[in-house]
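I am attaching a structure below and will ask some questions about it afterwards.
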Amino acid sequence: EHSSTPATQYTAGGGSPLANEPMHQNVNPKAPPMTEKEFSIGKQIYFERCAGCHGVLRKGATGKPLTTDKTLAAGTDYLKVFIKYGSPAGMPNWGTSGELTDDEVDLMARYIQQEPPTPPEFGMEEMKKTWKVLIPAEKRPKKKMNNFNIDNLFSVTLRDTGEIALIDGDSKQIVNIVKTGYAVHISRLSASGRYLFVIGRDAKINMIDLWMEKPDNVAEIRVGLEARSVDTSKAKGYEDTYAIAGSYWPPQYVIMKGDTLEPLKIQATRGMTVDTQEYHPEPRVASIVANHHKPEFVVNVKETGKILMVDYSDLDNLKTTTIDAARYLHDGGWDATKRYFLVAANQSNKIAVVDTVTGKRAALVDVGKIPHPGRGANFNHPTFGPVWSTSHLGSEDISLIGTDPVKHKANAWKVVQVLKGQGGGSLFIKTHPKSKNLWVDTPFNPDAKISQSVAVYDINNLNKPAQIIDIAGCAKDLGEGAKRVVQPEYNKAGDEVWFSVWSAKDKRSAIVVVDDKTRTCKKVIADPKLITPTGKFNVYNTQHDIY
Ligand code: DHE
């Protein structure tokens with residue numbers, strides 16, 4: 001068991017389930033020798049810490065390629081320095097941070113000179129073996145059996161316990177804690193808002209029925225060995241019909257039945273990269289969204305830099321439009337009209353814009369270093385009209401991009417203004433149609449004062465500097481330990497913003513609810529069961545893509 005800080009988990013995908021898979025040990029005669037035991041420790045550390053950035057097959061993504069042609073040429077001593085001390089380009093200092101001992105650093109320097117072991121594939125047979133319908137559709141409630149205001153429920157990831165907490169947004173009480181896969185990444189809703197889908201890092205999907213007296217799991221499946229994204233069909237006539245999940249390993253996506261999670265169609269994403277047009281064996285599926293207007297899923301493939309518009313109206317004759325974007329696609333969201341989808345190509349420092357009506361790329365917009373929008377934030381800029389915005393992991397910039405090619409043509413797909421935030425290490429930005437505030441977090445800024453606070457801008461007066469709010473300070477009495485304030489999320493009414501105060505697993509965490517109008521802390525939800533809360537998803541806002 002390796003402990004790790006949230007910052008290194010972000011870059012290294014802490015706790016990858018891949019480490020436990022049986023794999024062939026490949027002994028490279030040119031590489032420094034390792035015992036079988038050392039190799040298996042190396043494999044575990046690699047999948048827990050390194051694969052997130054460098055890829056399972058080490059072809060590189062956020063991190064540099066570590067194929068053996070490169071690592072053998074670099075040699076053990078050189079690699080050890082890199083692993084121990086890190087680099088300004090973003091490689092964490094695994095040795096000096098205390099995450100890895102000198103022996104482990106030495107072992108990893110040798111391990112990456114061996115050929116990468118390949119995890120097994122995961123096709124229909126494997127999926128079917130893990131698929132369980134816990135409560136068949138006909139045995140589920142015919143109407144809502146509880147008194148909760150479902151629209152204002154929040155699904156909260158409890159990262160390190162393999163659970164989500166369902167919290168009633170009105171009373172702030174925990175409705176249920178539901179067992180899920182490990183480190184649920186996101187929650188998404190069915191079109192009707194009845195079913196909640198969550199996906200763990202271990203690629204386990206749980207389908208939760210919000211109509212039950214006590215909402216709980218009704219179906220589950222594993223769709224691979226590592227995954228991050230899930231969504232459901234939203235087009236007219238297809239409400240609650242299908243679910244889709246994308247995986248990191250194997251590199252593929254699967255379309256499932258929306259009421260049972262029965263896997264129907266698996267598509268591989270292996271193929272050619274957008275720029276150099278060479279074969280990539282590991283193009284991971286990053287964000288997925290469902291088009292509200294057409295029977296289409298928008299699937300963003302990280303390593304190839306391609307956006308797939310998957311038409312789900314005829315699964316036997318699957319039509320897919322492939323849109324060239326840029327490497328490496330990660331997270332994104334709709335503009336306010338839900339015609340355009342904007343997605344970060346993070347190592348290219350660009351935002352790709354897709355017109356989902358024409359099925360074409362509308363633009364590639366240059367932004368700052370490593371854009372990371374989450375789903376972004378839409379609002380009406382007093383001067384430039386409708387904009388969508390992103391913050392950055394690699395800089396303090398907050399880029400506002402014009403999104404209205406009709407009435408504000410000159411501003412469309414241009415950065416119309418750059419706001420200065422607290423610093424780099426930002427992950428998420430949020431506003432609400434009813435609000436005049438724009439909230440920006442900075443959970444991975446190395447300065448604790450910055451990682452524990454958020455910046456809030458007045459949309460009517462964006463030239464005014466941000467107000468800094470000490471969110472962790474509102475949650476007094478949590479005791480010691482690093483507390484990262486992460487992911488603003490609005491309630492349905494748009495008058496409260498919720499933040500996670502994310503501490504280590506053995507320390508106390510909380511959710512802080514801020515009154516949007518007065519920008520003051522309104523309520524601290526500090527139930528001891530809220531262990532490592534990260535993402536929070538309001539049912540109504542998530543169902544309708546309001547952000
Ligand atoms: Fe995330 C969204 C991948 C690390 C919390 N994260 C996403 C999405 C992807 C992704 C592809 C978009 C999904 C979608 O919209 O369909 N995240 C990854 C990684 O590969 C990465 C960098 C490293 C890893 O190995 O996982 C990573 N993410 C993190 C974290 O460390 C965070 C802060 C905490 C955690 O739970 O692990 C984290 N990611 C989130 C959250 C969202 C997210 C809360 C959804 C935001 C939203 O508002 O939609």
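No experiment lies behind these values; they were computed from the predicted model shown. Counting from 1, the numbers follow the sequence of the chain as shown. Atoms within each ligand, like the ligands themselves, are counted from 1 in listed order.
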Within reach of ligand 1, part of R201 (heavy-atom separation under 4.0 Å):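 Side chain only; the backbone of R201 stays clear of ligand 1.
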Proximity flag W502 to ligand 1, non-hydrogen atoms under 4.0 Å: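 So W502 counts as touching ligand 1.
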Y248, portion touching ligand 1 at heavy-atom distance under 4.0 Å: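 Side chain only; the backbone of Y248 stays clear of ligand 1.
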Residue R159 vicinity, atoms of ligand 1 by number, heavy atom under 4.0 Å: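 Near R159, the atoms of ligand 1 are 35 (C), 36 (O), 37 (O).
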N/O separation below 3.5 Å, S287 to ligand 1: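 Not met; the criterion fails.
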With F154, the ring pair (Phe, Tyr, Trp, His ring centres under 6.0 Å) member among F499, W498, Y490: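 The ring pair (Phe, Tyr, Trp, His ring centres under 6.0 Å) with F154 is passed solely by W498 among F499, W498, Y490.
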Mutual orientation of the aromatic rings belonging to H330 and H372 [parallel < 30°, tilted 30-60°, perpendicular > 60°]: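 Tilted: the ring planes of H330 and H372 meet at 30° to 60°.
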Ligand 1 contact on T157 by region, counting heavy-atom pairs under 4.0 Å: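 No part of T157 is near ligand 1 at this cut-off.
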N or O pair under 3.5 Å between D331 and ligand 1: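 No; the residue has no nitrogen or oxygen that sits under 3.5 Å from a nitrogen or oxygen of the ligand.
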Main-chain N/O of N217 paired to N206 side chain as donor or acceptor, under 3.5 Å: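 No.
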Contact partition for R484 relative to ligand 1, non-hydrogen atoms under 4.0 Å: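 Under 4.0 Å from ligand 1, R484 contributes no heavy atoms.
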Residue Q487 vicinity, atoms of ligand 1 by number, heavy atom under 4.0 Å: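 Listed by number with element: 46 (C), 47 (C), 48 (O).
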Subset of ligand 1 atoms that lie under 4.0 Å from at least one heavy atom of R188: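 Near R188, meaning under 4.0 Å from one of its heavy atoms, ligand 1 has 14 (C), 15 (O), 49 (O).
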Option whose closest heavy atom lies nearest to atom 1 (Fe) of ligand 1, chosen from R49, H185, E489, K430: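 Residue with the shortest heavy-atom distance to the ligand atom: H185.
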Between D397 and S399: side-chain donor-acceptor atoms closer than 3.5 Å: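 No, no side-chain donor-acceptor contact under 3.5 Å.
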Aromatic ring pairing F297/Y312, orientation class (parallel under 30°, perpendicular over 60°, tilted between):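 The arrangement is tilted - the two ring planes meet at 30° to 60°.
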Parallel, tilted or perpendicular: rings of Y195 and F197 (30°, 60°):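 It falls in the perpendicular class, over 60°.
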Interfacing atoms of ligand 1 (cut-off 4.0 Å, heavy-atom, L427):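 With L427 as reference, the close atoms of ligand 1 come out as 33 (C).
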W388 ring center near Y340 ring center (under 6.0 Å):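 Centroid separation for W388 and Y340: 6.0 Å or greater.
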Where ligand 1 meets G535 - atom numbers and elements under 4.0 angstrom, heavy-atom basis: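 Counting from 1, the qualifying ligand atoms are 44 (C).
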Proximal atoms of ligand 1 relative to S229 (non-hydrogen, under 4.0 Å):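 Every atom of ligand 1 under 4.0 Å from some heavy atom of S229: 16 (O).
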Region of Y328 engaging ligand 1 - heavy atom pairs below 4.0 Å: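 The answer is neither.
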Element-labelled atoms of ligand 1 that are located less than 4.0 Å from some non-hydrogen atom of A286: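 This gives 11 (C) as the contact atoms.
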Residue pairs fulfilling salt bridge (Lys or Arg N to Asp or Glu O under 4.0 Å) with at least one residue in residues 285-307, sequence neighbours excluded: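 Salt bridge (Lys or Arg N to Asp or Glu O under 4.0 Å) check on residues 285-307 returns R284-E303.
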Nearest non-hydrogen partners of S287 and D331, listed with the distance: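 Taking every non-hydrogen atom into account, OG-CA, 3.8 Å.
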Pair listing, salt bridge (Lys or Arg N to Asp or Glu O under 4.0 Å) test, anchored in residues 527-540, at least two apart: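 Checked against salt bridge (Lys or Arg N to Asp or Glu O under 4.0 Å) - neighbours excluded - the pairs reaching residues 527-540 are D527-K529.
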R375, any N or O under 3.5 Å of ligand 1 N or O: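 Yes, R375 has an N/O under 3.5 Å of an N/O on ligand 1.
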Criterion salt bridge (Lys or Arg N to Asp or Glu O under 4.0 Å) on D324 and R361, from CA distance to verdict: CA-CA 7 Å; D324 285 0; R361 191 179 79 203; 5.9 Å; no
For ligand 1, the portion of I288 having any non-hydrogen atom under 4.0 Å away: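 For I288, the contact with ligand 1 is made by the backbone alone.
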Test item, K536 contacting ligand 1 (heavy atom, 4.0 angstrom):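 No, K536 has no heavy atoms under 4.0 Å from ligand 1.
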Donor on one side chain, acceptor on other, N152 and N538, under 3.5 Å: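 Result is yes, a qualifying pair exists.
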